[in-house]
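Here the structure comes first, spelled out in structure tokens, and everything after it is commentary.
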Amino acid sequence: MALRTAGRVLVVFLWSVTVVLGQDGWSVTYTTQSICTLKGSTVDLFCSYTYPRGKVTTTFWFTEWGTGVEPEDLGQDPEYAGRLEYHGDKKKDCTLKITDLRERDSATYKFRLLTDQEGGKFSGSPGATLSVTGLQVKLTGGYQDKTLTCSTTCTLTDNPTYIWYKNGQHLDESTSPQYKYSVSNDYDDSYSCAVKGHEDLHSPAVCVQGQSCYRVTYTKRRICVLKGSTVDISCTYVGYYSTTSSFWFRSDKSTPEDLTRVPGYAGRVEHTGTYRGPSSLRITDLREEDSAEYRFTFKTNNFEWGHSFPGTTLSVTGLQVNVTPAVEGQKTLTCITTCTLTDNPTYIWYKNGQRLDEPTSQQYSSNILVVLGHSVDSYSCTVEHHEDLHSPAVCKYELNYYST
């Protein structure tokens, strides 16, 4: 499987009654058959397997299987590029992690293994069914008896705790998706909900009266970009009355402080925005210590948007070339990062400082010329539009260390 090894992610750990279906020593055990989790989160499909004899040669996960052909390895599907991590082995573990979940990832996932024995093929049924949902606040009732419900398209696994926000300020936590207190009737008030542990995946804010309430909507919840590059973090906001001030801040500081006044960002940040419109924070010459959650707040004559409403999480990463053995005589080079780069960029590879026309993917397999025990060539990688931010070159001694 052509899968990514990654850094920091939010993980949903799922435990349920195991399901084992198999025959003649073959079996695949899925820890749970049905999972409902949030769009943008991470899920582990826990799995184990047994086989009667021989050596396991191939393992992979799939969702579709056409008649008369082998099912497609999800690790080769561009839809999952950079989002799969296979944590299994060639003995018994077949756990799969999927990051940055999307609603179109909803499907039934099955594991397949092949051995070196005649007829040594097996797929585990019925598989694990994954449903991916966003959060929406549903408003029901009349003027005096409004009810708010944090709604999903499936029942979230593991009975989560729901969090409620009013005008960007944390209000309440409950295991019920329904807000248990009286709901405001003010035209300038908005409500939003989230699930504990996934606060950055909150619902859009909704107005309780009309459409002119206070609210902030972030363009992206998470961004992963290269060290040394420039990033624009943006949102749109609405103020019921004229805005008197606005600024961006880091959520990990005890007191919100305008980033344009923070010494560590001196000369590197720019805040642009308009009343009742978009606001943007630009940070240049990014450093790994810039990795943080960034939030926006604004004030009017009689109102301040709450500081506890989750914003956009920025992760800053460098590039590294990882070398692993492939088939005999070849090495597989992977351009790795500590997070999944935003917008699925095109990768560029260099051999001895010269750009290669192919490939444009995160992995590159090559016959590496070895003379007197050392590789003659060196390799490095970068991404399109950031050619000046390439990885350190993997030198001949490093390549030799990984030789087969």
Side-chain angles (χ1 to χ4, degrees), residues 3-10 39-42 78-85 98-102 198-201 216-236 247-253 259-260 262 264-273 278-296 310-322 333-350 355 360-364 380-393:
L3 305 183
R4 181 177 67 91
T5 56
R8 193 163 59 100
V9 291
L10 282 171
K39 179 174 63 176
S41 67
T42 291
E79 279 289 316
Y80 292 89
R83 299 193 298 122
L84 296 185
E85 298 173 35
I98 312 175
T99 65
D100 188 23
L101 285 166
R102 302 158 188 180
H198 297 284
E199 287 83 351
D200 60 325
L201 305 177
V216 173
T217 304
Y218 293 93
T219 305
K220 292 181 178 179
R221 305 288 176 82
R222 295 176 188 160
I223 300 175
C224 171
V225 290
L226 290 179
K227 179 173 61 177
S229 67
T230 294
V231 69
D232 288 308
I233 303 173
S234 60
C235 70
T236 56
F247 64 88
W248 289 82
F249 64 97
R250 286 178 60 137
S251 67
D252 57 354
K253 305 302 180 184
L259 285 176
T260 61
V262 175
Y265 290 88
R268 298 195 299 122
V269 297
E270 180 185 358
H271 172 207
T272 60
S279 176
S280 179
L281 173 70
R282 171 167 289 184
I283 311 176
T284 62
D285 188 22
L286 283 165
R287 306 161 185 175
E288 290 182 346
E289 57 264 31
D290 293 332
S291 297
E293 183 195 23
Y294 293 84
R295 297 177 182 175
F296 174 79
T312 295
T313 299
L314 172 67
S315 300
V316 181
T317 179
L319 294 171
Q320 293 287 336
V321 175
N322 186 49
L333 310 180
T334 305
C335 195
I336 62 171
T337 55
T338 57
C339 54
T340 303
L341 290 172
T342 301
D343 296 332
N344 196 22
T346 297
Y347 287 84
I348 299 170
W349 286 91
Y350 295 88
R355 178 170 176 169
T360 57
S361 65
Q362 197 173 0
Q363 287 192 331
Y364 173 54
S380 64
C381 66
T382 187
V383 298
E384 197 170 45
H385 307 306
H386 295 288
E387 286 82 353
D388 58 328
L389 303 176
H390 57 79
S391 73

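Counting from 1, the numbers follow the sequence of the chain as shown.
A pairwise comparison of heavy atoms in S291 and V316 identifies OG-N, 2.9 Å as the closest pair. Residue R295 comes nearest to G311 through the heavy atom pair CG-N, 3.8 Å, listed as atom of the first residue, atom of the second, then distance. Heavy atoms only, all atoms of each residue included: S380 and V321 are closest at CA-CG2, 4.0 Å. Minimum interatomic distance between H198 and S41 (heavy atoms only, all atoms of both residues): CE1-CB, 3.7 Å. In plain terms, the two heavy atoms of G267 and T284 that are nearest each other are O-OG1, 4.2 Å. Residues E387 and Y350 come closest through the heavy atom pair CG-OH, 3.8 Å.
Atom CG of residue L314 and atom CD1 of residue I283 lie 6.0 Å apart, to the nearest 0.5 angstrom. Note that NE2 of H386 and CG of L341 are 8.5 Å apart. Values are rounded to the nearest 0.5 Å. Residue H390 holds its NE2 atom at 13.0 Å from CZ of R355, rounded to the nearest 0.5 Å. Once rounded to the nearest 0.5 Å, the distance linking SG of C381 with CG of L389 reads 11.5 Å. Of the inter-residue distances, the one linking R102 atom CZ with Y80 atom OH reads 9.5 Å to the nearest 0.5 angstrom. Summarising the geometry, atom CG belonging to L84 is positioned 11.5 Å from atom CG belonging to D100; distances are rounded to the nearest 0.5 Å.
Aromatic rings of W248 and Y294 (six-membered ring for Trp) have centroids beyond the 6.0 Å cut-off, not under it.
With sequence neighbours excluded, no residue forms a salt bridge (Lys or Arg N to Asp or Glu O under 4.0 Å) with D285. By the disulfide (SG to SG under 2.5 Å) test, C235 pairs with no residue at all, sequence neighbours left out. Every residue two or more places apart in sequence or in another chain that forms a salt bridge (Lys or Arg N to Asp or Glu O under 4.0 Å) with E79 is listed here: R104.
With hydrogens and angles disregarded, a donor-acceptor distance shorter than 3.5 Å links the side chain of R221 to the backbone of D200. Panel note: side chain T346, backbone E384; no donor-acceptor pair is recorded below 3.5 Å. Listed for the E289 side chain is no donor-acceptor partner under 3.5 Å among the backbone atoms of R287. The main-chain N or O of T334 is never found under 3.5 Å from a side-chain atom of Q362 such that the two would form a donor-acceptor pair. A donor-acceptor contact shorter than 3.5 Å is absent between the side chain of T382 and the backbone of I348.
Ion pairing of R282 with D232 is present here, as a side-chain N (NZ or NE/NH1/NH2) and a carboxylate O approach within less than 4.0 Å. A salt bridge is absent between K227 and D290: the closest approach of a Lys/Arg side-chain nitrogen to an acidic carboxylate oxygen does not fall below 4.0 angstrom. A salt bridge links K220 with D343: the closest approach of a Lys/Arg side-chain nitrogen to an acidic carboxylate oxygen falls below 4.0 angstrom.
Residues I336 and L319 form no side-chain contact, since every pair of their non-hydrogen atoms from C-beta on lies 4.5 Å or further apart. Residues Q320 and P392 are in side-chain contact: their nearest non-hydrogen atoms beyond the backbone lie under 4.5 Å apart.
Screening T217, T219, T312 for a side-chain hydrogen bond (donor to acceptor under 3.5 Å, both in side chains) involving S234 leaves a single residue, T219.
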Practice item. For side-chain contact (heavy atoms from CB on, under 4.5 Å), just list the numbers for T230 and L286, CA-CA rounded to whole Å, side-chain angles, deciding distance to a tenth of an Å, and then say yes or no. Key: CA-CA 6 Å; T230 294; L286 283 165; 5.9 Å; no

Practice item. Decide side-chain hydrogen bond (donor to acceptor under 3.5 Å, both in side chains) for Y265 and R250; before the verdict, give the C-alpha distance in whole Å, the side-chain angles of both, and the deciding distance to 0.1 Å. Key: CA-CA 11 Å; Y265 290 88; R250 286 178 60 137; 2.8 Å; yes

Check your understanding: Taking it one step at a time, do F296 and F247 satisfy side-chain contact (heavy atoms from CB on, under 4.5 Å)?
Key -> CA-CA 6 Å; F296 174 79; F247 64 88; over 6 Å; no

Review point. side-chain contact (heavy atoms from CB on, under 4.5 Å) between I223 and T313: does it pass, once the steps are laid out?
Key: CA-CA 6 Å; I223 300 175; T313 299; over 6 Å; no

**Study point:** Pair L101-T42, side-chain contact (heavy atoms from CB on, under 4.5 Å): steps then yes or no
**Key:** CA-CA 6 Å; L101 285 166; T42 291; 5.9 Å; no

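Donor-acceptor pairing under 3.5 Å is lacking for the side chains of H271 and S280. Side chains of T317 and T337: no donor on one and acceptor on the other come within 3.5 Å.
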